[in-house]
Engineer: 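My structure is below; once you've seen it, I'll send some questions.
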Amino acid sequence: AAAWGAHQRNIVWHTDESLWFDVTKKSPKNGRGLMNYGLSQMGQGKYDVALDYFTRALVYNPYYSVLETNLGVVNGALNKKEDAERHFLRAIQLAPSSAEPKTFYGRWLSKLGRDEEAISTLRLAINNQPDFIAARYQLMEVYAKLGDRENLLALAQQTLALFPTDATAHDWLARAPKLVPAST
């Protein structure tokens, strides 16, 4: 019986997707479980399914900034711009000192060509959490996209002052002088 139970548990725990799907079946009011299953679907490009699970999770976790961020990301992927922006801004409102929602929002803004807003948002993220490396990487990407050598070099150097062995910052430092400024 114990061996059979272990075998059944291994089936459920085989992947994150199977684990979180099992959680949604056994605990359908578990907002975190619903969100995490939605994440597994979003990771596979099943954005409509992810949106459904995130929306269901919101009923049980209406003040969870990570869920709002994920709703922003999935709505952005579905080209629902107004919904995406509303969720990103709600995530930032719920976690004003966190860099994570600002980083995802900045990435989304840049994808839309709203680069000045992206830069402002990403700078706020870095000011909130200087060691949140994802915000630094995203801002370096925006500077590179714009061909802004000066700001890219400065940010790469600032990043290396905090993280001396960071390969991404070293790479941007080497590539920055070769960038061609974007035409406006």
Side-chain angles (χ1 to χ4, degrees), residues 12-143 145 155 159 162-163 166 168-169:
V12 169
W13 288 41
H14 180 68
T15 65
D16 280 348
E17 179 182 13
S18 61
L19 169 67
W20 291 115
F21 185 70
D22 186 62
V23 169
T24 66
K25 292 302 171 200
K26 291 179 178 167
S27 301
K29 294 181 180 181
N30 180 329
R32 279 250 172 108
L34 292 164
M35 183 195 73
N36 284 327
Y37 182 68
L39 280 171
S40 76
Q41 299 308 290
M42 189 166 64
Q44 296 176 40
K46 298 177 183 176
Y47 301 123
D48 288 323
V49 176
L51 179 59
D52 175 54
Y53 277 88
F54 292 159
T55 302
R56 290 167 46 191
L58 195 58
V59 171
Y60 306 107
N61 294 65
Y63 304 106
Y64 188 33
S65 67
V66 174
L67 177 56
E68 290 286 354
T69 300
N70 288 326
L71 279 159
V73 171
V74 77
N75 277 290
L78 290 167
N79 205 29
K80 297 180 178 182
K81 295 175 187 174
E82 290 177 11
D83 290 337
E85 187 149 28
R86 179 172 45 85
H87 286 293
F88 282 127
L89 293 174
R90 174 79 171 134
I92 292 167
Q93 178 188 26
L94 290 171
S97 62
S98 175
E100 188 170 15
K102 292 177 189 80
T103 301
F104 281 98
Y105 183 46
R107 181 177 71 181
W108 179 76
L109 288 167
S110 182
K111 283 182 182 177
L112 293 179
R114 294 166 57 184
D115 294 307
E116 293 306 315
E117 291 172 85
I119 289 168
S120 175
T121 300
L122 292 163
R123 284 180 178 164
L124 282 173
I126 293 168
N127 286 340
N128 286 144
Q129 287 181 264
D131 62 343
F132 191 72
I133 198 76
R136 292 174 172 280
Y137 291 165
Q138 189 59 53
L139 186 52
M140 285 186 246
E141 288 281 341
V142 175
Y143 287 147
K145 171 184 166 185
L155 182 57
T159 301
L162 291 172
F163 307 100
D166 186 82
T168 301

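Numbers for residues simply follow the sequence, beginning at 1.
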Engineer: Looking at side-chain heavy atoms only, is the closest gap between Leu162 and Asp131 below 4.5 Å?
Structural biologist: no

Engineer: Which heavy atom of Asn128 sits nearest to which heavy atom of Ser97, and what is that distance?
Structural biologist: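 Here Asn128 and Ser97 meet closest at CB-O, 3.4 Å.
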
Engineer: How long is the gap from NE2 on His87 to CD1 on Ile92, to the nearest 0.5 Å?
Structural biologist: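 His87 atom NE2 to Ile92 atom CD1 measures 13.5 Å (nearest 0.5 Å).
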
Engineer: Can you tell me if Asp115 and Ser110 form a side-chain donor-acceptor pair at under 3.5 Å?
Structural biologist: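 Looking only at side-chain atoms, Ser110 and Asp115 do form a donor-acceptor pair, the distance falling under 3.5 Å.
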
Engineer: Indicate whether any N or O donor in one side chain lies under 3.5 Å from an N or O acceptor in the other, for Tyr105 and Glu117.
Structural biologist: no

Engineer: Looking at every heavy atom in both Ala91 and Thr69, which two are closest together, and how far apart are they?
Structural biologist: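 In this case the closest contact between Ala91 and Thr69 is CB-OG1, 3.3 Å.
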
Engineer: As an exercise, state the distance from CD1 of Ile126 to CD of Gln138, rounded to the nearest 0.5 Å.
Structural biologist: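 If I round to the nearest 0.5 Å, the distance is 10.0 Å.
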
Engineer: Mark yes or no for whether Lys102, through its side chain, and Ser98, through its backbone, hold a donor-acceptor pair below 3.5 Å.
Structural biologist: yes

Engineer: Take the angle between the ring planes of Phe88 and Trp108 and call it parallel below 30°, perpendicular above 60°, tilted in between.
Structural biologist: tilted

Engineer: Determine, step by step, whether Thr159 and Ile133 satisfy the side-chain contact (heavy atoms from CB on, under 4.5 Å) criterion, reporting the C-alpha distance in whole Å, the side-chain angles of both residues, the deciding distance to 0.1 Å, and the verdict.
Structural biologist: CA-CA 8 Å; Thr159 301; Ile133 198 76; 3.7 Å; yes

Engineer: Can you check whether Tyr53 reaches Met35 side chain to side chain, under 4.5 Å on heavy atoms?
Structural biologist: no

Engineer: Would the distance check show the side chain of Gln41 and the main-chain N or O of Val49 forming a donor-acceptor pair, the cut-off being under 3.5 Å?
Structural biologist: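 Side chain of Gln41 to backbone of Val49, a donor-acceptor pair under 3.5 Å: no, none is there.
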
Engineer: Look at the side chain of Ser120 and the backbone N and O of Glu116, then say whether any donor-acceptor pair between them is shorter than 3.5 Å.
Structural biologist: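 Looks like no, no N/O pair under 3.5 Å.
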
Engineer: Measuring from Asn30:CG to Tyr37:OH, what's the distance to the nearest 0.5 Å?
Structural biologist: 14.5 Å

Engineer: Examine the side chains of Arg32 and Tyr60 and answer whether a donor and an acceptor come within less than 3.5 Å of each other.
Structural biologist: no

Engineer: List the atom of Thr103, the atom of Ala125, and the distance in Å for their closest heavy-atom pair.
Structural biologist: OG1-CB, 3.9 Å

Engineer: Is there side-chain contact between Leu71 and Leu51, with heavy atoms separated by less than 4.5 Å?
Structural biologist: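 When only atoms from C-beta onward are counted, Leu51 and Leu71 do touch, with a gap below 4.5 Å.
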
Engineer: Under 3.5 Å, is there a donor-acceptor pair linking the side chains of Asp52 and Tyr47?
Structural biologist: no

Engineer: Below 4.5 Å, heavy atoms only, C-beta onward: do Leu58 and Tyr64 meet side chain to side chain?
Structural biologist: no

Engineer: Which distance, rounded to the nearest 0.5 Å, do you find between the CG of Leu139 and the CG of Leu122?
Structural biologist: 5.5 Å

Engineer: What closest approach, in Å, do Ala57 and Leu34 show between heavy atoms, and which atom pair accounts for it?
Structural biologist: CB-CB, 3.7 Å

Engineer: Looking at Glu85 and Arg114, does any basic side-chain N land under 4.0 Å from a carboxylate oxygen?
Structural biologist: yes

Engineer: So is Arg107 actually on top of Phe104's ring, under 6.0 Å and inside 45° of the axis?
Structural biologist: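 No, cation not above the ring by the 6.0 Å, 45° rule.
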
Engineer: Between Gly72 and Ala84, what is the shortest heavy-atom contact and its length?
Structural biologist: O-CB, 3.4 Å

Engineer: Between Val74 and Asn70, is any pair of side-chain heavy atoms under 4.5 Å apart?
Structural biologist: no

Engineer: Nearest 0.5 Å, what's the OG-CZ distance between Ser65 and Arg90?
Structural biologist: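 Spacing of OG (Ser65) from CZ (Arg90) equals 10.0 Å.
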
Engineer: State, to 0.1 Å, how close Pro130 and Phe163 come at their nearest heavy-atom pair, and which atoms those are.
Structural biologist: O-CE1, 4.5 Å

